[in-house]
Protein chains: 2
Amino acid sequence: MKAADYLPHIAYDSVILGYSDGELKILIMEYHNTGMFALPGGFVKIQEDLEDAVRRGLKERTGLDHIFLEQFHTFGSRARYQPEIMRTILIANGHEPDGDYHWLLDRFISVAYYALINYTEVVPTPDALSDSCRWYAIDKLPALILDHQEIVKKALQTLRDNLDRKLMSGNLLPPRFTMNELQRVYESILGAPLRRTSFQRRMLSLELLERHEKHYSGKAHKAPYLYSFKNS
Amino acid sequence: MKAADYLPHIAYDSVILGYSDGELKILIMEYHNTGMFALPGGFVKIQEDLEDAVRRGLKERTGLDHIFLEQFHTFGSRARYQPEIMRTILIANGHEPDGDYHWLLDRFISVAYYALINYTEVVPTPDALSDSCRWYAIDKLPALILDHQEIVKKALQTLRDNLDRKLMSGNLLPPRFTMNELQRVYESILGAPLRRTSFQRRMLSLELLERHEKHYSGKAHKAPYLYSFKNS
DNA sequence: TATTATTGTTACAAAATGAGACAATAATGA
DNA sequence: TCATTATTGTCTCATTTTGTAACAATAATA
């Protein structure tokens, strides 16, 4: 990763959201030998669209293409300029900066995106500077570097608006799911319980769902229908 | 404006919205001797928060402080890299770039903000490269450079969500206004007519308005009440 | 003093939502 | 085989919100 290939001062961070075991989860990276945790991020090549750079990073970290991705905020306060953190990370990776300067030690402004992906299809893959890349439940995140906690918070706030459309375009759920599973995803994103019957009526009235065969779980009760999102 | 003072590759653009004569208006700059129109924008100093940079620019262009300002998107496609446009502007201003390089000719990623300001308090002031800075009705904009048309469009889309809160925090209207004036602002932002009685009922039920004395316009009909936004 | 335009409020209908009731299952186990 | 249990899909009724229109109350004017 050479300085000349990338736009200086510009980074991106991604809040990669998946869903499993009834919980919303985020992909978090840990840097080698530092105990520091961060959102997966990266930099923009000179000859590359901003959004393409983010998709490239997502592909590297998750193996996934064609992901639902939305930009939600750009973080540019001076307070996020803490070169000693990046210096620690570089040193821990054997990249002792020559003299006192390295382009990664400059001030960066970060454009933040969130992605809704299918947990089961992902193979978390750390990058060159990190030794792990794994899922954390949204309410059990480790302490994150810089303003990454704030970035996560803002991602969730954004996600809560127009949730119907976003869930429909994203991939948090498998292709077919029950109404109950859908409701649990809503609840974990909104952080509040919903009334079953009202939820079912509202979802059906949106006309975004297609009903399929029943799903026999082996449990001792009526089998629920499976649904999928229309045109996806 | 020297290269060393600013973060390279990072710019901001502002969609400055005002309201007068029943129309929503935008502040647009025209560059000297080029016939090119653009949103007021600028750059971020090395020692400056991103948002402070935008407020500094707003202060220079409008004379106003403490403005309602919200970031809504960051534009980073490669297609917006058109150095010949900036070269034309520089040359028209007598800044013939030495040799072939000038930092303003590099690729820029732009963070876009919109502001809701009080039209009557503004003294539009062009910057060093422009010869005019004036108001245009939202539906009568001149052709803008780069992706600035798209930026305006996205600003309006964003503004339409949670409009109540934004209007209340912004300053499109004078401190006291009639229900009719408020309705016209809504209509010009939403681009659609609203029903008078429903609008009045909804506004009052939000409990955001405070009712004051009547306003006698001299017209031959019942005088409307004046309102203000609570706690502002 | 009647006329005109516009306003604030009320009244009623229509639509959306809240809250609960209830019948219809799948499996289980007596 | 048949009652039991947990959960689902749907229906009902009350409540709230919104759409639509009506109407009385003005300010100025002629």
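The sequence lines fix the lettering, A, B, ..., with proteins before strands; numbering per chain opens at 1. Here the structure is a predicted model, which is why all the values come from computation and not from measurement.
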DNA chain D contacts made by residues 182-189 of chain A, counting heavy atoms under 4.0 Å: none
Most 5' of B:Lys222 and A:Gln200 on DNA chain D, judged by nearest nucleotide: A:Gln200
Criterion ring-ring contact (aromatic ring centres under 6.0 Å, His included) on B:Phe72 and A:Phe72, from CA distance to verdict: CA-CA 8 Å; B:Phe72 61 93; A:Phe72 62 93; over 10 Å; no
Derivation and outcome, ring-ring contact (aromatic ring centres under 6.0 Å, His included), residues A:Phe177 and A:Phe229: CA-CA 9 Å; A:Phe177 46 85; A:Phe229 291 113; 5.1 Å; yes
Gap between atoms CZ and C1', on A:Phe199 and D:dT8 respectively (whole Å): 14 Å
Closest-nucleotide ordering on DNA chain C, the 5'-leading residue of B:Met179 and A:Ala223: B:Met179
Cation over ring face, A:Arg134 and A:Tyr136, 6.0 Å, 45°: yes
First of A:Lys214 and B:Thr178 reached from the 5' end of DNA chain C, by closest nucleotide: B:Thr178
Reference residue A:Phe75; test side chain to side chain contact (heavy atoms under 4.5 Å, CB included); the match among A:Asp13, A:Ile151, A:Ile109: A:Ile151
Steps toward salt bridge (Lys or Arg N to Asp or Glu O under 4.0 Å) verdict (A:Lys154, A:Glu150): CA-CA 6 Å; A:Lys154 186 128 191 158; A:Glu150 187 191 342; over 6 Å; no
5' to 3' contact window, DNA chain C with chain B (heavy-atom distance under 4.0 Å): C:dT4 to C:dA11
Mutual orientation of the aromatic rings belonging to A:His9 and A:Phe108 [parallel < 30°, tilted 30-60°, perpendicular > 60°]: tilted
Steps toward side chain to side chain donor-acceptor pair (under 3.5 Å) verdict (A:Tyr114, A:Glu70): CA-CA 6 Å; A:Tyr114 70 86; A:Glu70 277 196 356; 2.9 Å; yes
Atom pairs and distances, donor-acceptor, side-chain atoms in residues 203-214 of chain A, under 3.5 Å, two or more places apart:
from: A:Ser205; atom 1: OG; to: A:Arg201; atom 2: O; distance (Å): 3.4
from: A:Ser205; atom 1: OG; to: A:Arg202; atom 2: O; distance (Å): 2.9
from: A:Arg211; atom 1: NE; to: A:Tyr227; atom 2: OH; distance (Å): 3.2
from: A:Arg211; atom 1: NH2; to: A:Tyr227; atom 2: OH; distance (Å): 2.9
from: A:His212; atom 1: ND1; to: A:Arg176; atom 2: NH2; distance (Å): 3.4
from: A:His212; atom 1: NE2; to: A:Ser228; atom 2: OG; distance (Å): 2.7
from: A:Glu213; atom 1: OE1; to: A:Arg176; atom 2: NH1; distance (Å): 3.0

Nucleotide nearest A:Ala220 (side chain, heavy atoms from C-beta), chosen from D:dG9, D:dT5, D:dA27: D:dT5
Side chains of residues 26-37 of chain B: which donor-acceptor partners sit under 3.5 Å, not counting sequence neighbours?
from: B:His32; atom 1: ND1; to: B:Asn93; atom 2: OD1; distance (Å): 2.9
from: B:Thr34; atom 1: OG1; to: B:Tyr31; atom 2: O; distance (Å): 3.0
from: B:Thr34; atom 1: OG1; to: B:Met36; atom 2: N; distance (Å): 3.1

Set out, line by line, the N/O atom pairs under 3.5 Å between protein and nucleotides 15-22 of chain D.
from: D:dG19; atom 1: N7; to: B:Arg201; atom 2: NH2; distance (Å): 2.8
from: D:dG19; atom 1: O6; to: B:Arg201; atom 2: NH1; distance (Å): 3.2
from: D:dT20; atom 1: OP2; to: B:Arg195; atom 2: NE; distance (Å): 3.4
from: D:dT20; atom 1: OP2; to: B:Arg195; atom 2: NH2; distance (Å): 3.1

Heavy-atom side-chain contact between B:Lys25 and B:Tyr119 under 4.5 Å: yes
Run the side-chain donor-acceptor check on residues 140-148 of chain A: report pairs under 3.5 Å with partners two or more places apart or on a different chain.
from: A:Asp147; atom 1: OD1; to: A:Arg80; atom 2: NH2; distance (Å): 3.1
from: A:Asp147; atom 1: OD2; to: A:Arg80; atom 2: NE; distance (Å): 2.8
from: A:His148; atom 1: ND1; to: A:Leu39; atom 2: N; distance (Å): 3.0

